[in-house]
Undergrad: 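Okay, handing you the structure first.
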Amino acid sequence: MSRTHSIELDRVTKRWGASPAVDSVSLTADAGQMLVLLGPSGCGKSTTLRLIAGLDTLSDGRIHIGGEDVTDLPPARRHIAMVFQSYALFPHLSVAENILFGLKVRKVPSAERQERLAWAADLLGLGRLLDRRPSQLSGGQQQRVALGRAIVAKAPVCLMDEPLSNLDAQLRHEMRREIRSLQQRLGITTVYVTHDQTEAMSMADQVVLMNAGRIEQAGPPETLYARPASSFVARFVGTPPMNLFRLPEVPDIVLGLRPEAVQLTTSEPGPRPDVGPGLEARVADTDYHGADTVVLCRFGEREEQAMAVRLPGRAGLPVGTPVRLGWAPEDLHAFDATAGHRLPDDVLDGRYRHPAAAS
Amino acid sequence: MPDRRLGSQLAPHVHGWLLLLPAVALLAAFTYFPAVAALWSSLHSTPKGARPARFVGLDQYAAMVDDPVFWQSLWNNVLFALGTVPLSVAIALLMALWVNGRIRGRTALRMAYFTPTMLPMIAVANIWLFFYTPGYGLIDQVLGLFGLPDTNWLGSPATALPALMVVTVWKEAGFFMIFYLAALQAMPPSLREAAMLEGAGRWCIFRRVTLPLLMPTTLFVLVNAVINAFRTVDLVVVMTRGGPDNATALLLYHIYEVGFRYWDTGYAAALTTVLVVILVVLAIGQFVYLDRKVHYR
């Protein structure tokens, strides 16, 4: 689509007083891409979005939208639309007036306004609500109006600040798919802020995970899941997240293992030809999800370490059951114990015998 | 047991009435009874010495129509309201918009604007009496620097009423500013940001977003300002006593003079009734007219 624009951030920094809220962040959202800024609260993701929008001024760095340097341009001249967490609908205006607000301000002719309103209302199923006030709408409907206001201007870039956080779980799931399909259909370059990793994983072309104002890792969702760049990423992505644990054989390394990669066997007496010695553990808790069950096991000298194991169906393991945990060597991730960054895949070779390899 | 059932049914009602009692007693004794008594008195002649009040019907109201001071004070009051209400509301809004922004020392500014409200009217009147004093008052001293002649602001019929209006605006604007400021602070900043992103300039945001959202506050402030304009009396008592030549006689001051200087209580009661009717009509009119334009969440 010719209207699509890319977004580039070049070492963007925002300081409040002395401490940086956003610290030298560089990223690129390609035209038509859905980029999700993910991170815990206070990591600087919303501030980054506001900097792109021009609602806050940056302390350092440059921002380009569609190849144009917009760093010093006011929000209105950046050709962007934005959906706010609170929706920011004008309470004194009807749904139609809310959607048309920007077009009226920009003096778009009346005939075209009506045409675009009909188009947006049809796309979002708002046809019968156009005369209502925002206070007469449900949360989901308000959300749609906010989306309508964002798309009606046909801006090539859309920014979304946790747009689904005020909806209930069911509706959130529905809107997630709707926003994604809308974004793909219209080819809008989108920067989407969320603290919900499920949302990020399911919607994004590119996930940028932030922590304390810096980017921890940027890449497609599969990469963040399969090869987390740091122990922070490993802990943040996935439900439940990756198990991080230590073994006495490798004291300077934190080991990571996805719950679905753990092989669990009940430790019955007798020889086990398939599985090696493994880790002796004890079932501490089971969390049943329907399709699968997450079994929390404790191990170590004083049972101070924990390992979540994802098992299909209902596991039926009573608390206290002794179990044995094993894994394939290629499923094991290694992180530096102090700095937290990912270590090369071969770092464990010759230093630590995998339980599975020992058979 | 039937007794107990009756008791348990009555108990909530008794509790309710007991809780209401203090407010009801105060309102009845000091608001409703005097209002009804005034209406009653206005239909009777003023008792004098051995001659008790007797029913005269609408005679007091007929006398009012022929009373030139009544008409003058009513006209003065209309001018006073027209001169003070829009101005003080507009200034209040401007000040609120200004001190709501990110400016240096805004707390001090807010305090400064609010100070006149905290002063008693009598003190304010005395301060301004000094400002207006011909010859050595503050205003004449400042004007004197530019070689302008002395003016008797409160002493000439042309300037006396405007002079009182200035004092009223000075005192009221800060009070109304507080309401506007509270409303502005309650307004989510994202509304402004959303409007900004849609390309609206400052004036456009003010006209199409801020002002409509301030309408409930404006209605409240307007009703209060109008009522205040028709209740003003302390200022007149301290500064001009209605003079010169009734140029600053406002309705309530006229009532005060008739009632407590000439002791014509029957006529004063009739004047009071008219004043109350005027206020009620104005208040209802504003609510009905503006309510259609006001958005309530």
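Order of the sequence lines sets the chain letters (A, B, ...), proteins ahead of strands, with each chain counted from 1.
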Undergrad: For B/Trp17, what residues pass the ring-ring contact (aromatic ring centres under 6.0 Å, His included) criterion, not counting sequence neighbours?
TA: none
Undergrad: I need the minimum non-hydrogen distance between A/Ala76 and B/Gly199, along with the two atoms involved.
TA: CB-CA, 3.4 Å
Undergrad: Under 4.5 Å from any heavy atom of chain A, what part of B/Arg208 do you find: side chain, backbone, both or neither?
TA: both
Undergrad: Are there over 12 heavy-atom neighbours, none belonging to B/Phe175, within less than 6.0 Å of that residue's CZ?
TA: no
Undergrad: Taking B/Cys204, B/Gly201, B/Ser190, B/Ala200 one by one, which has the highest count of heavy-atom pairs under 4.5 Å against chain A?
TA: B/Ser190
Undergrad: Has A/His92 got a side-chain atom pairing as donor or acceptor with B/Leu211's backbone, closer than 3.5 angstrom?
TA: no
Undergrad: Is the shortest side-chain heavy-atom distance between A/Met82 and B/Glu193 below 4.5 Å?
TA: no
Undergrad: Does any part of the side chain of A/Pro91, heavy atoms only, come nearer than 4.5 Å to the side chain of B/Leu191, both counted from C-beta?
TA: yes
Undergrad: Count the heavy atoms of every other residue, nucleotide or ligand shown that sit under 6.0 Å from CZ of B/Arg106, and state whether that count exceeds 12.
TA: yes
Undergrad: Within residues 49-61 of chain A, which residues come under 4.5 Å of chain B, heavy atom to heavy atom?
TA: A/Arg50, A/Ala53, A/Leu55
Undergrad: Compare every heavy atom of A/Arg106 with every heavy atom of B/Glu198, then report the nearest pair and how far apart it is.
TA: O-NH1, 3.3 Å
Undergrad: If you draw a 6.0 Å radius around CG in A/Asp131, do more than 12 non-hydrogen atoms from other residues or ligands fall strictly inside?
TA: no
Undergrad: Working to the nearest 0.5 Å, report the span between NE2 of A/His79 and CG of B/Leu197.
TA: 12.5 Å
Undergrad: Could you tell me which portion of A/Phe90 (side chain, backbone, both or neither) has an atom closer than 4.5 angstrom to a non-hydrogen atom of chain B?
TA: both
Undergrad: Around B/Trp170, counting heavy atoms of other residues, nucleotides and ligands shown, do more than 12 lie under 6.0 Å from its CH2?
TA: yes
Undergrad: More than 12 non-hydrogen atoms from neighbouring residues, nucleotides or ligands closer than 6.0 Å to CH2 on A/Trp119, yes or no?
TA: yes
